[in-house]
Structures are given as C-alpha cells and as structure tokens.
2 protein chains.
Amino acid sequence: MALMDAAARLFADQGYSATTIRDIAGAAGMLPGSVYYHFPSKTALLLEVYREGVAGLARRVDSAVAAAGGEPWARLEAAAAAHLETVLDQSAYAKVMIRVLPDDADDGAVAKELAAARDEYESRFRTLIGALALADRADARLLRLMLLGALNWTQTWYRAGGASPAAIARDFVKSVKQGVSP
Amino acid sequence: MALMDAAARLFADQGYSATTIRDIAGAAGMLPGSVYYHFPSKTALLLEVYREGVAGLARRVDSAVAAAGGEPWARLEAAAAAHLETVLDQSAYAKVMIRVLPDDADDGAVAKELAAARDEYESRFRTLIGALALADRADARLLRLMLLGALNWTQTWYRAGGASPAAIARDFVKSVKQGVSP
DNA sequence: TTTAAAACCAAACAACTGTTTGTTTTTAAC
DNA sequence: GTTAAAAACAAACAGTTGTTTGGTTTTAAA
C-alpha cells in the first residue's frame, strides 16, 4: 500500500510528530483529505504502520531462528542478525518501531497498544536468552535489555558502507558471550 | 534558569517537536512571547539545553573517571555508572541529549552542532576503551558503540525501583568484559 | 452500458504553531 | 525617589496542523 509505505518512510526518517498528513499524502501522490478515506486518524495510521513493522520483523526473526539449528548461542546470533538487517536495511516499517516511542502517539490507548506490540516481539529474546547456559552471576533480563539496546541504538549511527548489519550483530553477540578481555 | 529547566524537562519527556513554546512558557510561569526575550528561537533554546546537557554529563563523567584510579576497566565502569546515573536520575538536560536526535532541529546548521557536541562527549569513551587490553579479534569501535547504545537505550525501559543505574552500568561493563558464558 | 462502490479531489474548518510588536511591570543601582 | 535597564505582558500575525464536507473521477462487475 503506497500510503502506508510513505508513512513508514516518513515516520522512520523524521519521527511521528514532525511528520504531517500533508507530507504523507504528498509522498503517496494524493491530497491530504484523501488519506482519511483509508485511515480515520494520523494516530490510527501510525498504529497500523507500527504493527506491520512488528509483524514483519517477527516473521523474519522467527524464520532466521528456525533455520539456525539447535545451539542456543547460534539461535540468538541468528535472531540478532535478522533483527539488525531488517531494522537497518530492509524495512522502513521496522525502523518506525525503533524510532517512534509509544507515547509519541497522542492517544493514550494507542500508546499502550504500541508498547504491547513491541513487548510481544521482544519476548522472543526472553526465550532465546532463557535457553542459554549463563555464568552464575549473569542477569538474563539485563543481558536481554543490553543486547536489544545495543542493537536498536545502531539506528542512530549506522551508515551503509561499513560493517554489515549481520556482522555488527555477530560482533555484539560474541562480545557478550565470551567477553572482550584477552 | 527556570525557562531552560522547563524546556529540558519537556523536551526530555515529550520530544522536541511535540513540545510547544506555549508548553514551555506555561511550565516556566510566563507567557509565550516572553520566551523570546531570552532566546531568539525554539531551535536556539534546544541548542542551549542540549549543550548544557552535554556539558553537565561530561563534567560528572570526567570527575568519576578521575576518582576511579588507574585500572582501565575500573575507569570505564566509573564512566558508565556516572553516565547512567546522570541520564536516568539526575539531569533532565542530559536526558534531552539521548531523546532528541540532532536532525529533530529544523535548522541544519544547529543539527550539526548538536551532533558535534554529542561526538565530543563520546570521544571520552573512545579514549577509555582505547586503554583497555582487548582480545585479538575484539573491535574497539563496535565495543564503544555497543556499550553506549546499551546505556542510552535504558531510557526507554528504566523505571525507578529496580536495579540502580550504577548497578545496571556495572552489569553491562562486566558482561562485555568477561562475557556471560559459564 | 449501466451501475455502484471505491478512491480521490477541492475547499474549507477551527485549532494550534512559532514568532513579532508595542506596552507595562519589576528590579536594582544612583 | 528617580531612573534606566531587565523582564514580562497582552495581543496579534501569518502559516501550519489534523480533520471534515460534499462533489468528482476511477474502477470493475452486471
């Protein structure tokens, strides 16, 4: 859908509140009012774009994990690589999920739905990390939040041309697995 | 300054473009027009708040590192702890530096200044990590970006009452140092 | 070729945006 | 107590915001 594509790209590039309905309509080749034939409000448009982003990301990660075999660290690495490839290269929808905070939606009920969608996605990493054999003092929750934070923050510094998203993800996972000390 | 305090809090809580001059003026107890006696534009106000955030954060981190002794990992841990305490608990100004992206400023020249201010701050971590003894295949740049990303992303999930900012920072540094494998 | 739904246009709405202007109040030094 | 600068007010400005309304075109099935 051209309208959602345009909205996803603009939300990802400029953020939610800096993006106007006129921006979106123009990028989709229509007039502002026409947007309201397809979506009842700007917030509803964000919600659908966000959900599509979460769904697409989940699909890619799930399939990467399924193809990764049974070794827990390999499965986590596959998930991290798929996450980063999608968020940095493949999907403007997935970018929105990282760039737009749930409370950017002016509607409180929608904010909760955005947060819930993201939580459901991230639960995959809870499972993947739960399957790891960890050192006694390692905190699985903080490990998950550290890894996801490091992955998501790449959106602020990543530029095409350097290390590939998959290579970055592999490096991150390896670092937390083995440590960087000699 | 009450005006900058109000702006810092609102920028940190709602983001830059979702915050209006009227919001800021109201929170500071004055009328919208009065803001322009102190700052020539909304963008200029952001720039000063952002700079104050960077300066305060740099001050705290520098002093924590100086007090941490000479062991490189202890110095990095002290920097990470100071960073997180400031950003999560102490300073709305520092929060702005994390929440507001440079290109949120409508003015391109200001965006560059914001990015430059953040870069100057982060160079400290380049130095701190440069002093570490790393395993052969460890990438110092990715290590820095991973750690800063994990730290900065805490702003999206941290809630007072759980692990303290300093404890989170210590956990992150320990994880990348030693790894979490048994 | 008729028809009806889907999609879009054209134009406006009220509210809100950053900002400017001229005037008044507050502050503090003389 | 006078004075002048600093700070704030009151009111508007031009442009933009999300959204609505009623009419027109497009699409595709009958």
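First the proteins, then the strands, lettered A, B, ... as listed; each starts at 1. These values consider heavy atoms only, across backbone and side chains, with no hydrogens, waters or symmetry-generated copies.
Put simply, CZ on A:Phe11 is 12 Å from C1' on D:dG18, counting in whole angstrom units. Separating the CG atom of A:Asp106 from the C1' atom of C:dA15 is a distance of 14 Å, rounded to the nearest angstrom. Distance, B:Phe39 CZ to D:dA6 P: 16 Å, rounded to whole Å. We find that CD1 of A:Ile21 is positioned 17 Å from P of C:dC16, with the value rounded to whole Å. Rounded to whole angstrom, the span from the CG atom of B:Leu46 across to the C1' atom of C:dT19 amounts to 17 Å.
Contact annotation: B:Tyr36 side-chain N/O to C:dT20 OP1/OP2 distance is not under 4.0 Å. An OP1 or OP2 oxygen of D:dA8 is reached within less than 4.0 angstrom by a side-chain nitrogen or oxygen of B:His38.
Counting any heavy atom pair closer than 4.0 Å across all strands shown, A:Thr19 reaches sugar-phosphate atoms only and no base atom. Using a 4.0 Å heavy-atom cutoff across all strands shown, B:Ser34 reaches at least one base atom of the nucleic acid.
Because its NZ or CZ atom is not both nearer than 6.0 Å to the ring centre of A:Tyr36 and within 45° of the ring axis, A:Lys42 does not count as a cation-pi partner of that residue.
Of all nucleotides listed (C:dC8, C:dA6, C:dT19), C:dA6 comes nearest to the side chain of A:Tyr37. For A:Met30, taking side-chain heavy atoms from C-beta onward, the closest of the listed nucleotides D:dT19, D:dC9, C:dC9 is C:dC9. When the nucleotides D:dA12, D:dG18, D:dC9 are ranked by their closest atom to the side chain of B:Leu31, D:dC9 comes out on top.
Contact annotation: the side chain of B:Arg99 never approaches that of B:Gln14 to less than 4.5 Å [non-hydrogen atoms, C-beta and beyond].
Residue order along DNA chain D, read from the 5' end via each residue's closest nucleotide, puts B:Arg22 first among A:Lys42 and B:Arg22.
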**Asked** Could you go step by step and tell me if B:Trp153 and A:Met146 meet the side-chain contact (heavy atoms from CB on, under 4.5 Å) rule?
**Response** CA-CA 8 Å; B:Trp153 195 261; A:Met146 174 168 88; over 6 Å; no

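The closest side-chain donor-acceptor pair between B:Thr43 and B:Asp106 falls under 3.5 angstrom.
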